[in-house]
Amino acid sequence: MQHFPIFVALSGRRVVLSGGGDAALAKLRLLLKTNAHLTVFATDPAPEIADWATAGRLDLQRRAMQSGDAIGAVLFYAADEDAVADARTSAIARAEGALINIVDNLEDSQFITPAIVDRDPVTVAIGTEGAAPVLARAIKADLEARLPVGLGTLARIGKAFRKVADALPMGRKRRDFWADYYFRDGPRALDQGEDAVAETLDRLLDRHLTIEARPGHVAFVGAGPGDPELLTLKARRALDEADVVIHDRLISPEILELARREAVLVDAGKEGFGPSMSQDEINALIVRHARTGAQVVRLKGGDATIFGRLDEEIDACAEADVTWHIVPGITAASAAVASIGQSLTRRDRNASVRFLTGHDMKGFADHDWKTLARSGEVAAIYMGKKAARFIQGRLIMHGADPATPVTVIENASRADQRVIASTLASLPADLTAAGLSGPALTLYGLAPRAAMATLSEIKQQEFA
Ligand code: SAH
């Protein structure tokens, strides 16, 4: 980060600007939102600037800036749109102790003005350090559309109410109150005017002071295969509201980043062969947290209902009278098959698809090999790396064609995704040669679709 974002208190402080054209106008429009003392130096000011001066909103000096003109200024804007003039005025201001910004000259500026979304007192500042103004504008447009215009009013009225709301105990109760205000009752009341909002706050506080604390609850949330963009909106919301997140080792750090900042993160890593918690310990952990009144997110890779030992955890909740619900996620098979441009089912090829596990609690898992060995069958094999030779042996023994395509996708949907196209005959050897270390899904009966553009090719095309 080359530039550190801060919000500067400008009320009653001096801000000087040199320039009277378009660049000066753009900056002044922003600066006029503050209560700063504005002084503008311009020999030929735009009519708007002259009007603002007449209205007493700024002090206009119709001359070139001179030594001594920036004394006491906190900020200075060089907006003459002329490199020589800007160098001269900014040298004066810099010598007189102001922080300087030269319009369209990032290198010689000491600070830059971000793109701003204004819902005063809520202000969003967007900066790209000059790298991508287009991007900053796009983000701004996106936020403008997303933040209700009344948000500023709600925040202003809410701010005045903060002390009163301190009657609620800190933590969950207070958060629930404010969440109801900003996202439910407040916006509704806003349509009827500011008085209605103030009344709503009183009523809401009464309600929150008298209601019982929300009891603990467990959301079993599928986190998808790894790419944070493959989280559902419901999963994101659950992470946003969680007090405790109990997660598998498969969950990527980018996804954990999305949990509420105050949330307690617990790694209940059961994957791989390192030290791991037993299922009983995990069940007990979930129940223990929920019983303290916490909103618990039990975050599982992919979809929680697929090879996720979900039922044991649900049973533990039910036994302890803890309420729960499931948020579905995108399973590894969906991400894997998308990465090779194929369908899991296809008319005239396979009318069903199986989700298999390579091994279960007893060791390599047994399946209906005879049916699977038939031509056209497709299966998504989870946890299949170690079982590759076993699966190959069983299928060939039951008559499967050794040339049947098999594709293994490691780290599906993640930046380090790898696709190993193989056949039943060469699967174990190809897997050994590939030396996989991440989670891998085996798609039996499917080969990558030919001529499919890879992600890096698409990127290249985009930037060409
Ligand atoms: N509930 C999960 C599966 C848990 S079992 C889901 O719906 O995806 C764990 C197995 O899932 C791993 O051994 C691997 O076979 C598969 N898996 C999970 N994430 C994966 C990923 N990103 N890429 C490939 N396979 C993955």
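Taking the six-membered ring for Trp and the full ring otherwise, Y77 and F111 have centroids separated by under 6.0 Å.
Sorted pairs that involve residues 431-448 and meet side chain to side chain donor-acceptor pair (under 3.5 Å), not counting sequence neighbours, are lacking altogether. For residues 225-242, no residue pair satisfies the side chain to side chain donor-acceptor pair (under 3.5 Å) rule, not counting sequence neighbours. Evaluation of the side chain to side chain donor-acceptor pair (under 3.5 Å) test over residues 119-133, restricted to residues two or more places apart or in two chains, returns R119-E144. Pairs of residues two or more places apart, or lying in two chains, never qualify as ring pair (Phe, Tyr, Trp, His ring centres under 6.0 Å) while including a residue from residues 130-156. Applying the salt bridge (Lys or Arg N to Asp or Glu O under 4.0 Å) rule to pairs touching residues 398-418 yields E410-R418, sequence neighbours excluded. Residue pairs that meet the side chain to side chain donor-acceptor pair (under 3.5 Å) test with at least one member in residues 190-199, sequence neighbours left out, are R156-E194.
In this structure, H3 has no ring pair (Phe, Tyr, Trp, His ring centres under 6.0 Å) partners at least two apart in sequence or on a different chain. Contacts of H289 classified as ring pair (Phe, Tyr, Trp, His ring centres under 6.0 Å), with partners at least two apart in sequence or in another chain: none. For A115, the side chain to side chain contact (heavy atoms under 4.5 Å, CB included) partners at least two apart in sequence or on another chain are I126, A136, K140. T200 is linked by a side chain to side chain contact (heavy atoms under 4.5 Å, CB included) to D185, A189, R203, counting only residues two or more places apart in sequence or in another chain. Residues satisfying the side chain to side chain contact (heavy atoms under 4.5 Å, CB included) test with D280, not counting sequence neighbours, are S278, N283. K385 meets the side chain to side chain contact (heavy atoms under 4.5 Å, CB included) test with L436, A440; sequence neighbours excluded.
Between the Q392 side chain and the L424 main chain, a donor and an acceptor come within less than 3.5 Å of each other. Using modelled atom types, no side-chain atom of R449 and backbone atom of Q342 make a donor-acceptor pair closer than 3.5 Å. A donor-acceptor contact shorter than 3.5 Å links the side chain of K173 to the backbone of H208. Remark: the backbone N or O of G329 is paired with a side-chain donor or acceptor of D303 at under 3.5 angstrom. Between the side chain of Y382 and the backbone N or O of A333 there is at least one donor-acceptor pair closer than 3.5 Å. Under the 3.5 Å distance criterion, the side-chain polar atoms of R394 are left unmatched by any main-chain donor or acceptor of W369. Between the side chain of T345 and the backbone N or O of S352, no donor-acceptor pair lies under 3.5 Å. Judged by distance alone, the side chain of R298 and the main-chain N or O of I246 form a donor-acceptor pair under 3.5 Å. Here the side chain of Q279 pairs no donor or acceptor atom with the backbone of E312 at under 3.5 angstrom. With hydrogens and angles ignored, the 3.5 Å screen pairs no side-chain donor or acceptor of E257 with any backbone N or O of P253.
One finds the OG1 atom of T357 at 6.5 Å from the CG atom of D360 (value rounded to the nearest 0.5 Å). Atom CG of residue L443 and atom CD1 of residue I409 lie 4.0 Å apart, to the nearest 0.5 angstrom. Summarising the geometry, atom CG belonging to L10 is positioned 14.0 Å from atom NZ belonging to K33; distances are rounded to the nearest 0.5 Å. Here the CG atom belonging to L231 is positioned 7.5 Å from the CG atom belonging to L299, to the nearest 0.5 angstrom.
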L395 vs L372, side chain to side chain contact (heavy atoms under 4.5 Å, CB included): CA-CA, chis, key distance, verdict: CA-CA 7 Å; L395 284 166; L372 274 170; 3.7 Å; yes
Worked verdict on L201 versus L205 for side chain to side chain contact (heavy atoms under 4.5 Å, CB included): CA-CA 6 Å; L201 271 172; L205 182 62; over 6 Å; no
Derivation of the side chain to side chain contact (heavy atoms under 4.5 Å, CB included) call for I286 and V322: CA-CA 10 Å; I286 296 171; V322 169; over 6 Å; no
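Counting heavy atoms from C-beta outward, D118 and L30 have side chains that stay 4.5 Å or more apart. Side-chain atoms of P328 and T305, non-hydrogen and from C-beta on, never get closer than 4.5 Å to each other. In this structure, the side chains of V245 and I251 stay at 4.5 Å or more apart for every pair of heavy atoms. The shortest side-chain heavy-atom distance between W178 and L204 does not fall under the 4.5 Å cut-off. Between R175 and D243, the closest side-chain pair of non-hydrogen atoms falls below 4.5 Å. No side-chain heavy atom of L441 sits under 4.5 Å from any side-chain heavy atom of P439. Within the 4.5 Å cutoff, the side chain of I157 has heavy atoms near those of the T153 side chain. The shortest distance between side-chain heavy atoms of H325 and H217 falls below 4.5 Å.
Smallest separation of non-hydrogen atoms from S339 and Q417: CB-NE2, 3.3 Å. Of all heavy-atom pairs spanning V218 and A290, the tightest one is CG2-CB, 3.9 Å.
With a 6.0 Å radius and a threshold of 12 heavy atoms from other residues, nucleotides or ligands, R389 has its CZ atom at or below the threshold.
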